[in-house]
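All heavy atoms count here, side chains included; hydrogens, waters and symmetry mates do not.
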Amino acid sequence: IDELRQNSGAVVLSFGLLLLPLPIYFVLHGTAQFNDTVFRWQTLILAVPALVFWIVAHELTHALGWIIFGRLSWKNISFGIDRKTLSPYAHADTLMRADAYRIGAALPSITTGVLPILLGLWGGDGALTLLGGFLLSAAVGDVLVVWVIRSVPGKAQVIDHPSKAGCLVEESAFSS
C-alpha cells in the first residue's frame, strides 16, 4: 500500500482523523478547558514519553491481535523501525487467516486511537483527546491495509509483507 499511503487522499484522511475529535471536544468542554489540559507544563513534559509509550503500545497491539486471533506465537513476531521512513512496525512472519490479519491490523486504531479519544472526550482531557487523534491519524496505513483487503475471504491465508505495509494473499483465495 505504499502508493496508497503517499497519495493525497491518504494525507487528507490522516489529517481528517487527527482533527475529527477536536470540534466534538470544543462543543462538549470549550476551548478554555482544552487549553488548560493541553498547555500545562505537566502535559508538555510528558508529551514525548507518552507518545513513545503509545507508539510501542500500538505495535504490541498488532502483535497481540495476531497472536490471539491468528493463533501465532511470539516467535512469529518481530519488531523494528523502518530506516527509510522511521516508522515503527510489528511483523508477523507466518501465514494466518485474513480475518485474523484484519483484526490485528485494525486493533491498534481502536485501542490507541479511538479509545483515548473517547476517554478524553468523556473526561474533558484535551491532551488525551489530541493524543488519540494523533495516534488514529498515524494509523491511516493500517486503515488502508484493512480497506485494501476487505474483499479477501476471511478463511484465505495471508502473510504479512516482509518489507512493506500490507500482506500477501494466497493465490487460491479467489479461485472457485
Open item on the list: Holding to ring-ring contact (aromatic ring centres under 6.0 Å, His included), I want the full list of residues that pass it with His58, two or more places apart in sequence or in another chain.
Closed with: His62
- [ ] Can you sort out the partners of Ser109 under side-chain contact (heavy atoms from CB on, under 4.5 Å), two or more places apart, ordered by chain and number?
- [x] Leu136, Ala139, Asp142, Val143
- [ ] Would you indicate whether the side-chain heavy atoms of Tyr101 and Val152 approach each other to under 4.5 Å?
- [x] no
- [ ] Find out whether Glu170 and Val158 are in side-chain contact, i.e. whether some heavy atom of one side chain is under 4.5 Å from a heavy atom of the other.
- [x] no
Task: Closest non-hydrogen atom pair, Gly166 against Asp160 - done: O-OD1, 3.0 Å
Open item on the list: Just verifying a value: how many Å separate Met96 CE and Ile103 CD1, rounded to the nearest 0.5 Å?
Closed with: 11.0 Å
TODO: Could you pull out the closest heavy-atom pair between Leu22 and Leu18, with the gap in Å?
DONE: CG-O, 4.5 Å
TODO: Return yes when atom CH2 of Trp74 has more than 12 non-hydrogen atoms of other residues, nucleotides or ligands closer than 6.0 Å, and no otherwise.
DONE: yes
Open item on the list: Side chains of Tyr25 and Thr37, heavy atoms from C-beta outward: is any pair under 4.5 Å?
Closed with: yes
TODO: Flag yes if Leu20 and Phe26 sit in one hydrophobic cluster, no otherwise; membership is Ile, Leu, Val, Met, Phe, Trp, Tyr, and two members link when side-chain heavy atoms are under 4.5 Å apart.
DONE: no
Task: Among Leu118, Leu128, Ile117, side-chain contact (heavy atoms from CB on, under 4.5 Å) partner for Pro21 - done: Ile117
Task: Phe79-Tyr89 aromatic ring centre distance below 6.0 Å - done: no
Task: Check: Ser137 side chain, Ser14 main-chain N or O, donor-acceptor pair, under 3.5 Å - done: yes
Task: Nearest heavy atoms of Ala63 and Ile77, plus distance in Å - done: CB-CG2, 3.7 Å
Open item on the list: Looking at every non-hydrogen atom in both residues, tell me the closest pair between Pro108 and Ala105 and how far apart they are.
Closed with: CD-O, 3.6 Å
Open item on the list: Run Ser78 and His91 through side-chain contact (heavy atoms from CB on, under 4.5 Å) and show every step you take.
Closed with: CA-CA 5 Å; Ser78 60; His91 171 68; 3.6 Å; yes
TODO: Check whether any side-chain heavy atom of Pro162 lies under 4.5 Å from a side-chain heavy atom of Leu168, and answer yes or no.
DONE: yes
TODO: Could you check if a side-chain atom of Ile149 sits within less than 4.5 angstrom of a side-chain atom of Cys167, using non-hydrogen atoms only?
DONE: yes
Open item on the list: Taking the side chain as everything from C-beta on, heavy atoms only, tell me whether Thr94 gets closer than 4.5 Å to Leu72.
Closed with: yes
Task: Cluster overlap Phe15 with Leu17, hydrophobic side-chain contacts below 4.5 Å - done: yes
Task: Interatomic spacing from NE2 in His29 to CG in Asp36 - rounded to 0.5 Å - done: 13.0 Å
Task: Donor-acceptor contact below 3.5 Å, side chain Asn76 vs main chain Ser73 - done: yes
Open item on the list: Counting only heavy atoms not in Arg40 (residues, nucleotides, ligands), do more than 12 fall under 6.0 Å from its CZ?
Closed with: yes
Task: Joint cluster assignment, Leu13 & Leu19, ILVMFWY side-chain distance < 4.5 Å - done: yes
TODO: Give a yes or no on whether Leu51 and Val38 share a hydrophobic cluster (residues Ile, Leu, Val, Met, Phe, Trp, Tyr; joining criterion: side-chain heavy atoms under 4.5 Å apart).
DONE: yes
- [ ] Would you mind reporting whether Thr129 and Ile24 have side-chain heavy atoms less than 4.5 Å apart?
- [x] no
Open item on the list: Are Trp122 and Ile110 connected into the same hydrophobic cluster when the rule is that any two of I, L, V, M, F, W, Y join if their side-chain heavy atoms are below 4.5 Å apart?
Closed with: no
- [ ] Count the heavy atoms of every other residue, nucleotide or ligand shown that sit under 6.0 Å from CZ of Arg83, and state whether that count exceeds 12.
- [x] no
Task: Neighbour count >12 (heavy atoms, 6.0 Å) for atom CZ, Phe134 - done: no
Open item on the list: Arg97 vs Asp99, test: salt bridge (charged side-chain N to carboxylate O under 4.0 Å, His left out). Steps then yes/no.
Closed with: CA-CA 5 Å; Arg97 287 173 47 119; Asp99 52 5; 2.7 Å; yes
Task: Non-hydrogen atoms of Thr43 and Ala127 that approach each other most closely - done: CG2-CB, 3.6 Å
Task: Heavy-atom closest contact (Ala92 atom, Ile159 atom, distance) - done: O-CG1, 4.3 Å
